[in-house]
Amino acid sequence: MLLSMHGICKSFNGIPALRSASLEVGEAEVMALVGQNGAGKSTLIKILTGAYRRDEGSIAFAGEDVSFNMPAESQARGIATIYQEINLAPQRSVAENIYLSREPRRFGLIDRRAMREGAVAVLRTFNLEIDVDQPVAHFSAATRQMVAIARAVTQKARLVIMDEPTSSLDEREVAILFETIRTLKRGGVSVVFIGHRLDELYRICDSVTIMRDGKTVATGAMAEMPKLALVRHMLGKELAAFEAIAKDADEGAQRPVRLSVENAGAGVRVRNVSLTVREGEISGLAGLLGSGRTETANLIFGADRLERGEIRYKGQARSYRQPAEAIADGIGLVSEDRKVDGIIPDMSIRENMTLALLPKLARSGIVDRARQDEIVASYIAALGIRCTSPDQPIKELSGGNQQKVLLGRWLCTDPKLLIVDEPTRGIDIGAKAEILRLLRRLADEGLGVLMISSELEELLAAADRVTVLSDGTSVAVLPRRELSEAALFAAMAHQVE
Amino acid sequence: ELPKLAQKETYKVGFAQTESNNPWRIAQTNSMKAEAEKLGHQLVYTDAAGSAAKQVADVNSMIAQGVDLIFLAPREEKPLIPAVMAAKKAGIPVILLDRSVDPSLAKAGEDYVTFIGSDFIEEGKRIAEWLIKNANGKSKIIELEGTTGSSPANDRKKGFDETIKTAGGFEIVASQSGDFARDKGRQVAEALLQAHPDADIVYAHNDEMAIGAIAAIEAAGKVPGKDVLVLSIDGGKEAVQAVIDGKIAAVVECNPRFGPKAFETMLRYAKGEKIDPLVINEDKFYDSTNAAAELANAY
Amino acid sequence: MNAFRNTFALKSSGDMARLGVILALAGLILFGALRYENFLSQYNILSFLRYNSMFALIALGMAFVIMTGGIDLSVGGTAAMASVVAALLSPYHWAAGLFGGIAAGLAVGALNGFTVTVMRIQPFIATLATMLAAYGTALLLAGNQSVSVSYDSGFTAIGQDDFLGFPIPAWIALLVYFAGWLVLERLPVGRHVLAIGDGEATAALMGLKVRRTLAAVYIGSGALAGLAGVILASQFGAGQPTEGVGWELFAIASVVVGGTLLTGGSGSVGATLAGALLLAMVFNILNFENGLGWISLSAYWQSVIRGGFLLVVVVLQARLMSRGASEGRV
Amino acid sequence: MTTIETQATAGTVPSGKRFFTLAGRYGTVAAFLALILFNVLFTPNFLSLQTLNVNLTQVATIVIVATGMTLVIATGGIDLSVGSLMAIGGALAPMIFMGALFPVSSMPVAVALAFILPVIATALLGLFNGLLVTRFAIQPIIATLVLFIAGRGIAQVMTNGNLQVFRNEGFQFIALGRIAGIPAQVILMIVIAAIAWAAVRHTVFGRQVIAVGGNEKAARLTGIPVHRVKLLVYMISGALAGVAGLIVVARNSASDANLVGLGMELDAIAAVAVGGTLLTGGRANIMGTLIGALVIQLVRYTLLANGVPDAAALIVKAALILLAVFIQQRAGKP
Ligand SMILES: Nc1ncnc2c1ncn2[C@@H]1O[C@H](COP(=O)(O)OP(=O)(O)OP(=O)(O)O)[C@@H](O)[C@H]1O
Ligand SMILES: Nc1ncnc2c1ncn2[C@@H]1O[C@H](COP(=O)(O)OP(=O)(O)OP(=O)(O)O)[C@@H](O)[C@H]1O
Ligand SMILES: [Mg+2]
Ligand SMILES: [Mg+2]
């Protein structure tokens, strides 16, 4: 065994997050670590690396009992970690980020050339050709995720931990990552892989450890663990099959158009985008990373200014200068990067959830507390948000639960048009089906949904129609009946000359 | 040897003030400016904002500008020595105003022309002597000191404390800094009067604090001048008026009107007259016997 | 604009701000040279450098602290205390004064490091408190008045003498700035400082020794303030327990004018120097302007003008930076 | 409704959070009580109404300024200009009722104007700070440093640096008057703090202030008018500084542009920090600020009343500030 963690317990403010969890990883083994949102996966990892201190339990790594006081120590011992919330210094360059804390040196000084060349070389193995002197903040979530991965694999570690590394990657990049993992494995390196997309786990992992409520409930070889059993262990109950719930597109063709975007453009990222969202439908927006989906959403929402083309909402031309104006019209946006664009970390769940609703929740400037509590309680229940109380600061929630609160933030405003940018990112399989079902139900009640997703499976399952972007241009609109993985791929790969 | 000053119709003179955040300094500056204007001299005025180091830099920039003579009101005794020496080296005579520099490091008549000013220790001593004669059985003193570390605060304390001690029978029950400011002086006096209700004398290092103390005494339900004697230094109009009103018992003047004497000394020096190393400003003393008569002359 | 940016390799908005401060400095020097006689005289230049090297040193320490996202309000008090310590020790040997003063600064810096990293008190408050404590200690050591240095041990040479026709304090500042540049740009720890400013939690997760680096930065700032205090004592012949008021704001302003964001994570050593010189130049120019007789009638106008100047500089810089930021996106 | 189990767990976990929130507040209160206990034991004549009176009247201006400062800090900003704005407010008021600006025809009207105009003026200067911070995206510490430097100069230029001495009962009521035996400035302080407290807790504006400080980008994306919120807090801070300036000059029967409000920014910020509001923004604890200011005042009083020499007092003050902040932070954590 390379790593064995036993009887790990950890409480936050007296509330247990881990109750006797364990994890064992062998040499050159790829171990899947799965569990619902809030099961304690990330916490277990952070205890291993020394980011958190454990209350109880023992950790042995490479045959020795260890107890790391800070990540620097575990890193020095050969544990490289990609944390769930992309963990890079945003203003430092890509090259610096890859080598931070173990910079190549000459005569004690940083060898900048070696650093730059090394960074270019490793990124090339990930098919990434970017200017490594640019600050990482300049790049999209996906690129940053790849940089974080590059950082981890260049550490010559014995154990690489990946906490949801694929949540913002598309298929192409996932494939590259998996190739990397195989290479690592061949080199005798072990990997702990945390993820919510079960198919991926089956593709890459040798074994699986399943956690529920802070405990390890099952482990075994991946091949011997049928999907249903895995899900049952995770949830502690059976999951209804992930059924296709989209309705036939023709049915909606006569519905009034809620939003139409015509030849919209701004800057260089959005060149020429046209799409429509009708009342009562879920309209998908697909594309490779960097195709400009997020920017398109920002344009519609007034977070960026429209420069070319036209946006019509309920038939009227609109050009919002502020999100506030879009919100007043009944539009909501669940953004892609919840840490940067979503949560107010120190605020409670209650206040985070009702932030967009505030103007409607107040009478002459005073917040109606009773109504607020009522609304919050109902959404916590409806979305199954796992928290100790609505007063808990949102930053203490697990990633997936934060995402649910943000979804709740917009749902409670009773929007007419909801834009969701990667709505199920980091959400466990149980909750994911629940969220898609919820979106569908709301659509049935008349809501128009624009769903951006990198998961084709999700689009296939939920969307009534998918607009495909490539390089900032809408290149195809696929109605429900023409939707298939192959069709989407073909459209996404389309080159605009 | 001392640099010479050529005889001219008008001069370009520097005046390096230490700060201008209290009425006394402002009166001093105004007096210098008014006199320069009257005589037609060009005045290069700098304000060191309470920093001895900046004052040296100010003097250096005056030297760079090639002034004929520098009036320096040194913020402190020692740190201004380099300024005096730099001016001497550049051939510019210096006249010190109201505070002097360390006599062991720079000498009047040798490194600078002369020192025109008052003697802070003497001021403290004079007020103490008055008190010893007129205490009428009062003996418990609250002392409101000036800004901690400043030379007038140190000297006014020294002169007073030593004199009072030799007389015997008095007790300084509390001595705290009021920063030469009215508001701070009042706040400190309020706290001290509360902690020492038996105190019957307040000695403030300047008028502003004395006036603040009067407000504090009144707020504590006592009568200044009757229950508590208030003593002060500076002798501005407001303080002299307070003497007439019976609120301040006595105040030593520390006259800020340096202008006439400063420029007169400069002209005498230019003519080649011998200047005394020390030109002491005559400071008045006000108490109930003369305040009314002198009010008009107070600054 | 783009060609221009490329020529000067101006990549980020920070570079634009740095360019701004250098242009402003050049402009101010030109203004002074044209308007005042003797502005560029050797005497003025040398005494300007001699005096302002203290502020340059403090600004450098502050720059590093600010790059980590912290702030050090204690520099003025530290310098005052170090000047007293140096003055008290100067009779024994000039080196005793020099290193004693630096050690005093180091001690305050270590206290800051301790309160910030171990007690986890926010830097603003931690250093505000140590500022008070440093002044208190200075006054206690000095017995409430300035302490004469020894004129016999050679201690005064540090602040008052020249070397190769250049004031020694200016040499010291130059050397220290070079070292600062080396540390920031060429040593790993410099990069770590910036990464910590980008986000402490993130930096810790990336395996940086956050506490140790932070402590080192505060100690460095303290030591530089101590060095400034030594120069203060030496140059003016006295340890001055009440000097240094407002130095922290001067240093912070220099750093910011030099294009460093107070939120941490970015910064430049050279631009900090330019920022310090720029702000110091304003005082020098005001003194010369007084000589012309226009504004000398009121000292109060000077603070209005200084505030106005700061306003102009930061507004211009904000403009430059926002332009830099918008063009920086590809 | 992912799983039934999830809800069950959520329901059964004890709500211990409350206790720690309370403990967090308790930290400063504990420091405050310890100080009182010390004084009762060692300071002569501490237990008297006059002591209370002295301390409350002295702390009033700090609390008023610190209340505005709390809001500014909650948005992630800071306001260094408060002391200078106090000087401007304090310089303007006597100029108005003494007829230096325009002839006074009716004293009551002039006094009313002397209350209103200076506060409007400082509020506008606060607005100016806000504009620098929002429109020009200048960092708050530097944006307000401009008026910190220039503001006092402006006040000095207005008065030519001269002291304005006056007696005016109507105007001085704000500092010398009593309502039901309680000094007017104390009542003013309580009213202002109470309004701010209620605003933070119960109003949309309060929520917005905290959201802006917590994550500005996210706040904008939820439709919060970030710029307007910031402009408003700087304006409030400016206005409250103006009010404090009025109190100080009224109390002293004199306005001294050179000294009114000198160093107030540090006292106010220290009060905010000791009170448990993080300087990084995203929180606003008005009650904490009130207690923080009381702690600072009491420390000052204690040192004075016990005759601690100034130099030593500085050190003790430093240690006590650190200790209070430390206790307050620890108390919030397990
Ligand atoms: N810093 C913290 N303070 C308080 N509670 C925390 C903290 N970090 C995690 N928790 C709690 O610990 C539990 C486990 O969280 P963790 O992040 O480990 O979940 P996870 O399994 O990684 O979930 P996800 O799949 O959503 O990422 C959650 O209930 C969370 O609220
Ligand atoms: N400032 C920048 N400079 C250079 N490249 C950039 C910059 N910002 C983003 N990119 C590139 O743009 C792409 C991401 O764009 P964007 O987020 O708009 O696309 P998207 O379709 O929304 O993708 P995602 O799936 O990440 O949401 C990445 O390939 C990234 O490298
Ligand atoms: Mg997780
Ligand atoms: Mg995107």
Side-chain angles (χ1 to χ4, degrees), chain B residues 19-27 29-30 47 49-50 142-149 153 172-199 207-209 211-212 214-216 218-222 236-239 241-242, chain D residues 39 42-46 48-55 57-59 61 86-87 90 149 152-153 156 159-165 172 175-176 183 247-249 251-264 297-298 300-314:
Chain B
E19 62 199 352
S20 43
N21 63 359
N22 62 65
W24 193 92
R25 284 286 162 200
I26 291 161
T29 304
N30 288 342
D47 178 347
I142 288 175
E143 182 168 353
L144 296 177
E145 301 172 22
T147 305
T148 310
I172 299 177
V173 293
S175 180
Q176 297 277 354
S177 169
D179 263 346
F180 284 134
R182 185 180 296 208
D183 192 45
K184 184 89 186 293
R186 174 182 58 76
Q187 296 196 5
V188 172
E190 279 175 355
L192 294 182
L193 285 167
Q194 189 56 25
H196 306 282
D198 52 344
D207 286 352
E208 284 295 294
M209 292 191 294
I211 293 164
I214 290 171
E218 286 170 344
K222 297 182 182 172
K237 255 209 174 66
E238 211 184 344
Q241 181 60 49
Chain D
N39 275 298
F42 298 104
T43 306
N45 310 309
F46 183 74
S48 79
L49 219 55
Q50 178 63 8
T51 308
L52 185 69
N53 190 20
V54 164
N55 279 296
T57 50
Q58 289 189 5
V59 84
T61 50
M86 280 175 73
I149 296 173
R152 189 166 297 280
Q156 288 165 327
T159 58
N160 208 3
N162 291 320
L163 204 64
Q164 305 181 76
V165 183
Q172 288 180 269
L176 302 175
I247 295 177
V248 171
V249 300
R251 188 75 186 77
N252 289 323
S253 316
S255 164
D256 182 350
N258 307 299
L259 295 173
V260 170
L262 201 66
M264 178 54 101
Q297 168 64 28
L298 207 50
R300 198 152 73 180
Y301 182 87
T302 310
L303 293 171
L304 276 175
N306 287 288
V308 179
D310 282 295
L314 284 170

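Lettering of chains follows the sequences in order, A, B, ..., and the numbering in each one begins at 1. Since the structure is predicted, the reported quantities are computational estimates derived from the model, not experimental observations.
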Inter-residue atom distance [X].[atom1] - [Y].[atom2], 0.5 Å rounding:
X        : Y        : atom1 : atom2 : result
D:Leu259 : D:Gln156 : CG    : CD    : 9.0 Å
B:Lys184 : B:Ser177 : NZ    : OG    : 5.0 Å
B:Asp47  : B:Ser20  : CG    : OG    : 3.5 Å
D:Leu262 : B:Asn21  : CG    : CG    : 7.5 Å

Report yes if some heavy atom in the side chain of [X] is under 4.5 Å from a heavy atom in the side chain of [Y]; otherwise report no.
X        : Y        : value
D:Arg251 : B:Gln187 : no
D:Gln58  : B:Glu190 : yes
D:Asn306 : D:Thr43  : yes

[X] versus chain B, heavy atoms under 4.5 Å apart: side chain, backbone, both or neither?
X        : value
D:Val249 : neither
D:Leu303 : backbone
D:Asn252 : both
D:Leu163 : side chain
D:Arg152 : neither
D:Ala254 : both

Which portion of [X] sits near chain D, non-hydrogen atoms under 4.5 angstrom:
X        : value
B:Glu208 : side chain
B:Ala219 : both
B:Ala174 : neither

Heavy-atom pairs under 4.5 Å with chain D - which of B:Ala181, B:Ala216, B:Pro23, B:Pro197 has more of them than the others? B:Pro197

